[in-house]
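By convention in this document, chain letters (A, B, ...) are assigned in the order of the sequence lines, proteins followed by strands, and residues within each chain are numbered from 1. Values reported hereafter were calculated over all heavy atoms of this structure, with side chains retained and with hydrogens, waters and symmetry mates removed. Source: prediction; values computed, not measured.
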Protein chains: 2
Amino acid sequence: MATIDDVAKLAGVSKGTVSSVFSKKRPISQPVTDRVLSVAKELGYFPNHIARSLAIKKTMIVGLKMPISKEGSTTQFEIQMLNGVIKECTKHGYRILLDTLPEHEDLTQFSSDPVDGVIMLNPRKHDQRIERFEQMRIPIVLVGRPDPLDSSISYVDNDNEKLAYEVGRYLLTQGHRSMLFLNSSANMTVSDDRLSGMKKAYEEQGVPFDNVQVMNFVRKLHATPMDYGYMSMMEMHQKVPFTAVVSDTDRVALGILRATRELGVDVPKDLSIVALSNNVRLAEEMTPKLTSVELSAETLGAEAGRILIQKMKDPSTVEQLIIDAQLIVRESTRSL
Amino acid sequence: MATIDDVAKLAGVSKGTVSSVFSKKRPISQPVTDRVLSVAKELGYFPNHIARSLAIKKTMIVGLKMPISKEGSTTQFEIQMLNGVIKECTKHGYRILLDTLPEHEDLTQFSSDPVDGVIMLNPRKHDQRIERFEQMRIPIVLVGRPDPLDSSISYVDNDNEKLAYEVGRYLLTQGHRSMLFLNSSANMTVSDDRLSGMKKAYEEQGVPFDNVQVMNFVRKLHATPMDYGYMSMMEMHQKVPFTAVVSDTDRVALGILRATRELGVDVPKDLSIVALSNNVRLAEEMTPKLTSVELSAETLGAEAGRILIQKMKDPSTVEQLIIDAQLIVRESTRSL
DNA sequence: TGCAATCATTAAAGCGGTTTAATTAAACCG
DNA sequence: CGGTTTAATTAAACCGCTTTAATGATTGCA
């Protein structure tokens, strides 16, 4: 690759001049500009992004730390998130450095990334990395709340408790009292949050919570989310009475629907179904169309991007944003 | 941020020594190593990735050029592709620089990216960028074939013609003669390829091709892929006779299924359905489970990654890889 | 015509690392 | 013990660009 020196030499100017021709930060006379550009073209010269970054201490790149499970297909949630981040960052001229590498134990191996800021997904409890970025003065925004909470850290998150509460209240006010609750895995904070939200709704309406049959996704038992829905429905159908089922995701709901077809249960006449998240974004396309909560992962990502960009301009920026989830009533629920 | 100089000074050694402690490219005595590391820790020093990249001319980053439509949700195909690229590259210690920025008209603005190689999606006809990367000596691999074909350019691609041919042959040998073919948009090469593959199957089996009613996706007419399937099915059901429908994607098939339910058409008893691509990866989870072609976008991505990594080691590498698509027969088809 | 102001250009000093060639110190050996 | 290896360290050059301060060349104005 030709360098700026080659161009400067051949065009008979200094490299400072060539630099200015390309960066346009200083006026260069027309004849000189023309000569430089033509020489550059002839040599196939393009400014070296790395060298430039080193000099100006800016890369126009945003890092996205995204853990990826080993077996790991990226979840739909992550994808939509990513989409939001991309759109927002691209709009402001930033590119995304996807970082799904597992972290090196060896601190010696750790190097500061070629990024101007970082968005981090699903931070862990007492996440070491957060301090490290702060130490390096690299602006950071989390998607998901920091644990422990820290008012100096910017993040965006859903309010899962509120979301489950809304769903619970909706079903209760529609006359449903007993339901099957297909929550996600037992060990996740989101499950706890949802559970307490649901309890709150029952409490508020004065209905005893033992009307709710709670289940959890278990990887070993359920091969796919759909299996989880299908098997739970088949298993619980006769065992306990319920007029509604609250499902982890739309994929799980797909399994429930399959079971209802086999069982001859009509949705929504005999059974109402609500999905707590719209992963595959298929609610609109299912039969019947699925009442579900719109988690707006994309908004989450976009907002994270927005805040980060702001923070890269003004490092003192701190913003903590809870994105409201929307319950969208479609055809899979009815009031009793 | 502390620099290598700060560390060197405080530890009372030269920067070359500090460099070696971190890069481990040269043995440094234990006492010195310890001293340097402790000083580094104290100062919160981490090697600067950009400076290092400039010096060693290597970034361990792979660029992914991925056009993103303006309205644009990323398609499932792209996502699975991306997933494949990520997995393969991560495995070898590379990170991904996502580049969805529209290209600058102004060549002046174009700078060589901080990447060691590039994967490019959906290259355009006579794509300027390809030459540019070659000029810059940056290894590149395409996903999708270059147009015009060029035996010096590495790429991976599906064989859409063969794929449609297989589907056509499968249906014909199962006794289906007339079908509804919901192809993708008319102006895409993939549509042409599929059409000619399908024709070939008919020719081979000696069945006149006018038994096939071909439709195309039209953005203005069909709000969603599902609408495309639903509307086409509703419209054509009485107009022309057919015992099978070949659908663009699984989303489209979802619309077809909805229509059959409303029309009281049983799948697969009265109608067989095959999807030409498994975008939402929901074939398994639909009712009935959908017979579909597994495009293996993820494999495409992973293979592109593999070839690129190879090419970064040995720039003379050229590989052109056609990934076979698999027709997976599930429950939505039957032989007559 | 002389002096200040303006404009275009350049030389050189960074940016923060790596690496080569030279130097010093320690170890080995007959 | 002198001479040769070997190992550890360093000084300085370099990677390719930006930017500051200095230098000339022009222009404006009285």
Quick one: label B:S29 by what it contacts on the DNA or RNA (base, sugar-phosphate, nothing), any heavy atom closer than 4.0 Å.
sugar-phosphate
For B:A55 and B:P27, find the nucleotide of DNA chain D closest to each by heavy atoms; which residue's nucleotide sits nearer the 5' end?
B:P27
Check whether the side chain of A:K15 and the base of D:dG16 form a donor-acceptor pair under 3.5 Å.
no
Just how far, in rounded Å, is P of C:dC15 from CD1 of A:I50?
19 Å
How would you label the contact of B:T17 with the nucleic acid (heavy atoms, under 4.0 Å): base, sugar-phosphate, or nothing?
base
Taking any heavy-atom pair under 4.0 Å as a contact, classify A:L54: base, sugar-phosphate, or nothing.
base
Looking only at C:dT9, D:dC17, D:dG16, the nucleotide nearest the B:K57 side chain is D:dG16
Closer than 3.5 angstrom, by distance alone: can the side chain of B:T33 be matched with the main-chain N or O of B:I28 as a donor-acceptor pair?
yes
Is the backbone N or O of B:R145 less than 3.5 Å from a side-chain atom of B:D157, with the two atoms forming a donor-acceptor pair by type?
yes
Counting side-chain heavy atoms from CB outward, which of C:dT9, D:dT9, C:dT18 is closest to B:R26?
D:dT9
Can you check whether B:S296's main-chain N or O pairs, donor with acceptor, with B:Q80's side chain at less than 3.5 Å?
no
Does the distance from a Lys or Arg side-chain N to an Asp or Glu carboxylate O, for B:K65 and B:D127, drop under 4.0 Å?
no
Between the main-chain N or O of A:S20 and the side-chain N or O of A:R26, is there a donor-acceptor pair closer than 3.5 Å?
no
Give the nucleotide from the list D:dT18, C:dG16, D:dT10 with an atom nearest to the side chain of B:S14.
D:dT10
Between its two end axes (five pairs each) the helix from C:dT1-D:dA30 to C:dG30-D:dC1 turns, nearest 10 degrees, through 40°
Exam field: side chain A:D34 to backbone A:P31, donor-acceptor pair closer than 3.5 Å
no
Whole angstroms only, please: what is the CD1-P distance between A:I56 and C:dG16?
13 Å
Is the side chain of A:T59 donor-acceptor paired with the backbone N or O of A:P114 at a distance under 3.5 Å, no angle test?
yes
Proximal nucleotide (of C:dT19, D:dT9, D:dT18) relative to the B:I28 side chain:
D:dT9
Please work out if A:V18 contacts a base, only the sugar-phosphate, or nothing of the nucleic acid, heavy-atom cut-off 4.0 Å.
nothing
A:I4 side-chain proximity, nearest of D:dC17, C:dT18, C:dC15:
D:dC17
Could you work out which one of D:dT19, C:dG17, C:dT10 sits closest to the side chain of A:V13?
C:dT10
Taking atom C1' of D:dG16 as reference, at what distance in whole Å does atom NZ of B:K58 sit?
19 Å
